[in-house]
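Just so you know, these numbers come straight off a predicted model, no measurement behind them. For ligands, and for the atoms within them, numbers begin at 1 and follow the listed sequence.
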Amino acid sequence: MNASVAVSGNASLVVLGEILHFTGDPSQDGSAATHHHADGALLIRDGRIVAAGDASTVMPLADPGTQIADHRGMLILPGFVDTHVHYSQTDIITSYGEQLLDWLERFTFPAERAFADPAHAAEVAEFFLDELLKNGTTTAAVFTTVHPESTDAFFAAASKRNLRMAAGKVLMDRNCPEFLRDTAESGYEQSAQLIERWHNKGRLSYAVTPRFAPTSTERQLELAGRLLEEHPGVLLQSHVAENQGEVAWVAELFPWARSYLDVYDRYGMLRKGAVFAHCIHLDDADRRRMAATGAAMSFCATSNLFLGSGLFDLHAARAAGVEVGIGTDVGGGTAFSMLRTLNESYKVTQLRGHRLPALQGFYLITLGGARALGLDGHIGNFEPGKEADFVVLDPESSPLRARRNRLAKSFDERLFLAMMLSDDRAVHATYVMGEPKWGQVRFADAVAT
Ligand SMILES: [Zn+2]
């Protein structure tokens with residue numbers, strides 16, 4: 001069968017395969033945080049996890065007539081969480097030759113201008129979500145553009161697919177082209193209306209989205225902080241300390257601030273449910289402040305390397321107790337694939353003099369990402385009651401990988417190959433709330449009565 005087949009008329013499903021998920025960070029919480037079942041099964045009812053474990057213990061829990069999706073020979077993980085990405089930059093991925101501030105002027109701002117057109121925004125949103133699912137990503141924190149229409153288009157497309165997504169309208173009232181500029185007041189009003197329209201509608205979350213400190217006046221940052229106070233549970237996303245030129249510019253624009261991060265702190269933006277992309281040029285005082293407030297970092301390796309921004313210090317972040325997720329940061333990033341992003345993350349940690357074990361890597365793109373976005377009550381692992389978003393990975397996704405995989409002597413080694421030799425071809429299927437939304441899925445006979 002070549003096409004995806006929806007689960008129809010049957011709210012229960014058993015999924016067979018090798019299962020891996022986490023209830024903590026294996027690098028900090030030890031082996032008890034890792035749950036690996038070589039001959040495993042998930043039992044799903046009404047889109048939620050009922051049980052996950054060895055097939056021999058899960059199968060007897062299934063009601064007679066329960067359908068089976070047989071993925072034995074494949075690795076099943078919670079759906080990947082991309083903690084930082086711009087859907088509006090899909091069409092400028094891998095634009096040549098500039099670093100951050102010139103790249104924004106030359107490529108990003110002209111591309112974002114087109115999102116004033118709702119039809120363009122809707123078309124890109126559909127393509128973007130197809131790409132995410134094709135890559136096993138079921139949740140993302142998404143920047144739209146300054147236009148409320150672009151946020152409406154994105155949320156409408158995500159809602160139609162029943163995806164757990166966070167997004168927000170970019171706030172930007174200075175240091176950018178006139179055609180992308182809101183005002184402190186209009187940005188506040190439009191954000192409040194979008195929160196009313198979309199936040200907690202189905203699986204959607206609104207994220208207040210000041211692009212970064214240099215493109216907002218202090219008044220706009222103040223009002224962004226007010227939105228967070230007025231709408232508890234709303235997320236926040238922004239950028240911080242990506243590029244040395246940007247850091248120097250922030251020091252000029254906000255001479256009173258101790259650091260770049262301190263600008264956001266002043267306006268109440270450091271909190272649980274706030275995620276800041278990049279966090280490269282921070283000091284230990286910044287990291288301690290993020291840990292104390294619950295603000296999270298998004299490590300965007302392909303973007304940081306592509307734009308020549310610098311090397312994120314994962315070890316320092318986790319040692320300080322800061323939550324960290326992984327972000328693709330497309331269009332600064334060079335792939336929608338969280339697996340390819342993990343590959344580059346490993347190399348960045350090597351250049352920082354540390355390692356990124358595969359177990360920690362897969363923690364970061366599942367539960368770690370969910371925690372960074374404050375969504376771990378809904379997604380991130382296979383605890384009973386969680387939403388059944390998951391990805392099925394093929395260990396033989398390319399001839400080279402299949403050949404190399406046969407030589408692996410342990411699960412850890414196979415998992416490291418999954419992290420280093422994978423791309424979108426490794427994603428055999430992606431499920432959302434227990435339904436296959438991408439890939440080839442064949443349902444076997446129901447569990448015998
Ligand atoms: Zn970004």
Side-chain angles (χ1 to χ4, degrees), residues 81-95 98-112 115 124 128 131-132 137 139-146 150-151 154 165-172 175-176 180 207-216 224 235-247 249-250 260-261 263-264 269 274-282 295-312 324-338 340-341 344-345 348 365 369 372-373:
V81 180
D82 184 343
T83 56
H84 182 77
V85 63
H86 303 251
Y87 100 90
S88 51
Q89 295 176 14
T90 299
D91 291 340
I92 57 160
I93 189 169
T94 64
S95 293
E98 305 288 354
Q99 293 212 345
L100 176 66
L101 299 177
D102 295 322
W103 184 84
L104 287 171
E105 287 289 339
R106 188 162 163 211
F107 302 116
T108 310
F109 291 154
E112 292 193 359
F115 285 74
V124 177
F128 172 86
E131 279 295 305
L132 260 54
T137 299
T139 292
V142 179
F143 277 55
T144 66
T145 65
V146 73
S150 74
T151 314
F154 177 77
M165 287 283 158
K169 179 202 113 71
V170 168
L171 299 170
M172 195 154 59
N175 293 325
C176 63
L180 285 182
V208 175
T209 308
R211 172 171 228 115
F212 66 157
T215 46
S216 285
L235 308 182
L236 177 120
Q237 57 184 352
S238 194
H239 301 87
V240 71
E242 176 176 4
N243 169 288
Q244 296 281 19
E246 170 210 17
V247 171
W249 192 21
V250 170
Y260 188 163
L261 186 79
V263 175
Y264 298 126
M269 294 181 192
V275 61
F276 292 88
H278 310 305
C279 300
I280 297 168
H281 309 287
L282 298 182
M297 300 178 178
S298 179
F299 173 17
C300 304
T302 75
S303 171
N304 298 159
L305 295 171
F306 181 72
L307 293 175
S309 300
L311 304 173
F312 177 73
V324 178
I326 302 274
T328 62
D329 194 27
V330 168
T334 55
F336 280 110
S337 169
M338 295 297 284
R340 283 181 61 188
T341 308
E344 301 295 330
S345 305
V348 169
I365 64 171
L373 300 180

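The side-chain heavy atoms of F109 and M172, taken from C-beta on, include a pair separated by under 4.5 Å.
Residue S298 forms a side-chain hydrogen bond (donor to acceptor under 3.5 Å, both in side chains) with just one option from D82, T328, T83, and that option is T83.
If you put the vertex on the Zn ion (ligand 1), OD1 of D329 and NE2 of H84 sit 90° apart, to the nearest 10°.
For Y87 and F115, the gap between ring centers is short of 6.0 Å. Ring centers of F276 and H84: at least 6.0 Å apart, outside the cut-off.
The Zn ion (ligand 1) has an N, O or S atom of H86 closer than 2.8 Å. For the Zn ion (ligand 1), the N/O/S atoms of E242 include none lying under 2.8 Å.
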